[in-house]
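Structure first, then comments.
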Protein chains: 2
Amino acid sequence: MTNINKTPTLKIIAEIIGCSASTVSRALQDHPGISQDTKKRICEMAKKMDYSPDSVARSLQKKSTTTIGVIVPEIRHDFFSSAIDGIEDRAYQAGYTIIVSKSNEDYNREVLNTRSLTSNRVAGIIASVAQTTRDGQHFLAIRKRGIPVVLFDRVLEDVDVSKVIVDDYVGAYNSVKHLIDCGCIRIGHLSGPKHLKISNARLRGYKAALENAGIGYDDNLVVTVELDEKHGMEGVRQLLNLENKPDAIFAINDPVAVGAHKEIQSQGYIIPDDISITGFSNNPITEMIEPQLTTVDQHGYKMGQMAAELILDEINSDQVDWAPETRIVETELIIRGSTVKN
Amino acid sequence: MTNINKTPTLKIIAEIIGCSASTVSRALQDHPGISQDTKKRICEMAKKMDYSPDSVARSLQKKSTTTIGVIVPEIRHDFFSSAIDGIEDRAYQAGYTIIVSKSNEDYNREVLNTRSLTSNRVAGIIASVAQTTRDGQHFLAIRKRGIPVVLFDRVLEDVDVSKVIVDDYVGAYNSVKHLIDCGCIRIGHLSGPKHLKISNARLRGYKAALENAGIGYDDNLVVTVELDEKHGMEGVRQLLNLENKPDAIFAINDPVAVGAHKEIQSQGYIIPDDISITGFSNNPITEMIEPQLTTVDQHGYKMGQMAAELILDEINSDQVDWAPETRIVETELIIRGSTVKN
DNA sequence: AATAGTTATGCAAACGTTTGCATGAATTGA
DNA sequence: TCAATTCATGCAAACGTTTGCATAACTATT
């Protein structure tokens with residue numbers, strides 16, 4: 001599509017007013033060296049012509065953009081879209097725009113994304129890494145070029161950049177503590193695959209809460225499952241088959257909890273009267289089932305905000321070597337009907 | 001944060017190789033006028049230094065970017081994040097990046113967003129308008145400057161730009177026809193506010209399907225509700241209070257359907273044996289409830305893809321006056337347990 | 001009236017590309 | 001051997017900004 005109306009530039013305004021482009025530039029910036037009269041004339045004309053500065057040209061000259069690059073494994077996913085939302089809000093407040101790209105859980109595409117973003121001279125990159133990403137060289141290389149990098153949620157342990165993570169341990173601890181406070185004494189746990197950091201952190205939280213309450217740990221009450229609904233159903237069956245059944249379930253995440261929820265009900269138990277249950281993540285589903293699920297909010301939106309704040313701090317710092325910083329987002333226990341009668 | 005390693009540029013490579021920047025530029029573009037030998041030396045060096053061209057500088061010189069601007073009312077919302085996903089995929093394939101901004105359902109912010117995007121010299125803008133937007137001047141002005149605009153889903157009727165919309169009429173028709181095919185003969189409709197286009201289109205589809213099947217239209221079976229779960233519950237109560245109760249419900253959207261779903265079950269009716277029910281949108285919730293909800297997929301992802309395709313066509317066209325085009329996305333009926341026993 | 005100081009403005013370079021044109025070297029054909 | 005042709009490369013301008021420095025026109029001070 002070709003341009004019909006020409007976009008106004010400094011030079012065009014300058015010609016109309018009868019001055020130089022520098023004067024127009026300075027007038028628009030309210031530079032002290034320009035007379036009130038000229039300023040007024042120029043500003044009026046600029047407004048009349050609906051002038052807006054060419055950020056491309058400005059970025060070239062300033063050698064920096066006001067754009068933040070974002071890389072996520074998946075866009076169409078409540079947690080990530082919430083995070084993007086949080087990033088956008090903070091960026092918008094600071095006058096920045098965001099370029100969103102997704103890796104599709106593919107390491108190679110993630111590397112390509114970083115190249116594209118650096119090529120676009122973004123002021124910084126916020127990323128949550130793909131499941132297939134093991135190595136963080138691409139992020140380190142960017143950082144060495146002076147572009148701040150913030151990893152959030154899915155971070156790489158051994159990569160020395162700023163990070164925003166959630167405290168899974170505390171989240172799990174509080175969740176289990178809540179079950180105990182509700183009077184449950186035999187709490188089962190549907191745990192995740194052992195190679196995942198979150199599984200271990202949440203399992204530790206579970207154990208600590210039990211110990212703190214003086215409840216003995218029972219190996220039979222912990223079942224390891226994959227992170228989806230189907231496995232939640234299967235896992236909980238094992239627990240319901242025990243002769244000494246649990247009176248509560250702490251599930252590693254919401255899909256697993258939803259699976260358990262269904263299975264428990266289809267076996268005729270009443271939630272929360274017979275068995276209480278809690279999940280993790282605060283997915284939208286948790287509000288849609290009956291009774292609604294008590295869960296741990298991971299605050300995707302909040303994490304996005306914090307990641308944006310962190311990167312803006314780093315961008316605006318003039319320190320040559322900003323030490324990477326890790327910020328931890330507090331989880332929040334959302335108490336609903338699956339643990340408390342309403 | 002300050003730069004430590006300098007980013008390689010054409011000039012730097014030129015100095016190392018001992019030629020001019022133009023030669024490097026041409027070599028990297030595989031320009032015919034450069035000798036094989038020089039090309040090889042230059043390309044190797046560029047790779048070694050991990051050179052990637054400065055898109056900012058290139059955009060300035062070429063007077064065009066490879067960035068598409070996206071404006072949505074809300075990011076954290078399944079339909080919109082799916083649409084963004086679809087846009088990203090197509091854009092990525094074409095070598096474009098996307099800038100995502102949200103209006104927060106606020107007309108003024110939407111106008112600001114368009115300014116920011118044009119200032120960033122995006123190649124085109126894809127938008128879904130805010131609820132408070134009545135006037136489309138801001139989009140027309142952009143288009144007059146030669147920047148293609150594509151509106152999707154929430155479009156402005158009187159604004160002459162390209163559009164991607166869904167056929168609500170057909171979607172509703174098929175949904176109701178399905179209920180009829182399942183043997184239902186007394187089909188209630190939870191309709192939406194009368195000033196919304198979607199309400200009317202879906203209502204027309206409902207009526208047409210009935211008429212086509214020779215089923216008389218009964219005013220008592222249509223209840224107007226707000227578009228959320230709570231009103232779905234309230235609305236369906238009216239229908240269940242009729243002495244001649246419906247044997248099926250077609251709800252204007254999924255939240256309303258979910259509300260109705262809950263209410264129907266809590267009154268002791270069995271879905272779909274006593275009453276069948278269908279929604280609209282294919283929100284993730286629809287798969288999470290028991291029985292799962294038959295619904296109409298609006299294909300947010302597909303709409304995003306189509307919007308991206310449309311804008312890329314327009315960007316790559318050299319026609320001075322590209323006639324706006326409207327493309328209609330076919331809805332798809334997703335049949336699940338709320339209408340058919342499994 | 002001459003100098004110093006102030007005020008308002010313009011010039012030109014720079015940011016990193018791309019590309020039309022010019023130039024010089026090498027090759028070809030007679 | 002000379003002109004014509006081809007080949008490889010460089011020069012310089014342009015894209016729209018910003019900004020240090022120079023300059024011109026005043027104003028104030030003596």
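Numbered from 1 within each chain, the chains take letters A, B, ... in sequence-line order. All heavy atoms count here, side chains included; hydrogens, waters and symmetry mates do not.
- Cation-pi check for A/Arg109 over B/Tyr92 is met; the charged atom lies under 6.0 angstrom from the ring centroid and within 45 degrees of its normal.
- Along DNA chain D, read 5' to 3', the first and last nucleotides having any atom under 4.0 Å from a heavy atom of chain B are D/dA8 to D/dG16.
- Residue-level contact check: B/Ser25 touches the bases, meaning some heavy atom is under 4.0 Å from a base atom.
- Of all non-hydrogen atoms in A/Val149 and A/Val161, the two that sit nearest each other are O-CB, 3.8 Å.
- Across every non-hydrogen atom of B/Glu105 and B/Thr132, the tightest pair is O-OG1, 3.0 Å.
- Between A/Asp50 and B/Arg145 there is a salt bridge, with a side-chain nitrogen of the basic residue lying less than 4.0 Å from a carboxylate oxygen of the acidic one.
- Residue B/Cys43 is tested with B/Val24, B/Asp30, B/Thr38, B/Leu28 for a side chain to side chain contact (heavy atoms under 4.5 Å, CB included); the sole match is B/Leu28.
- Each of A/Leu10 and B/Thr23 lies near DNA chain D, and the nucleotide nearest B/Thr23 is the one positioned closer to the 5' end.
- If you find the closest nucleotide of DNA chain D to B/Gly18 and to B/Arg121, the one lying nearer the 5' end belongs to B/Gly18.
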Inset, instruction - Apply salt bridge (Lys or Arg N to Asp or Glu O under 4.0 Å) to the pair A/Asp160 and A/Arg143, showing each step before the final yes or no. - result: CA-CA 10 Å; A/Asp160 192 33; A/Arg143 197 164 190 282; 5.7 Å; no
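- Under the 6.0 Å cut-off for aromatic ring centres, B/His299 and B/Phe79 do not qualify, their centroids lying 6.0 Å or more apart.
- Among A/Ile87, A/Ile126, A/Val122, the one residue that satisfies the side chain to side chain contact (heavy atoms under 4.5 Å, CB included) test with A/Ile98 is A/Ile87.
- Salt bridge present: B/Arg41 and B/Asp37 bring a charged side-chain N and a carboxylate O closer than 4.0 Å.
- Across all strands, B/Ser22 comes closer than 4.0 Å to base atoms (heavy-atom distances).
- Of the residues in residues 28-36 of chain A, A/Gly33, A/Ile34, A/Ser35 come within less than 4.0 Å of DNA chain C through at least one heavy atom, sorted by number.
- Nearest heavy atom pair, residue A/Ala27 against residue A/Ile34, reads N-CG1, 4.1 Å.
- Using a 4.0 Å cut-off between a side-chain N of Lys or Arg and a carboxylate O of Asp or Glu, A/Glu325 and A/Arg327 qualify as a salt bridge.
- Mapping B/Arg26 and A/Ala21 onto DNA chain C by nearest heavy atom places A/Ala21 closer to the 5' end of the strand.
- The stretch residues 54-63 of chain A touches DNA chain D through A/Asp54, A/Ala57, A/Arg58, A/Gln61, A/Lys62, each having a heavy atom under 4.0 angstrom from the strand.
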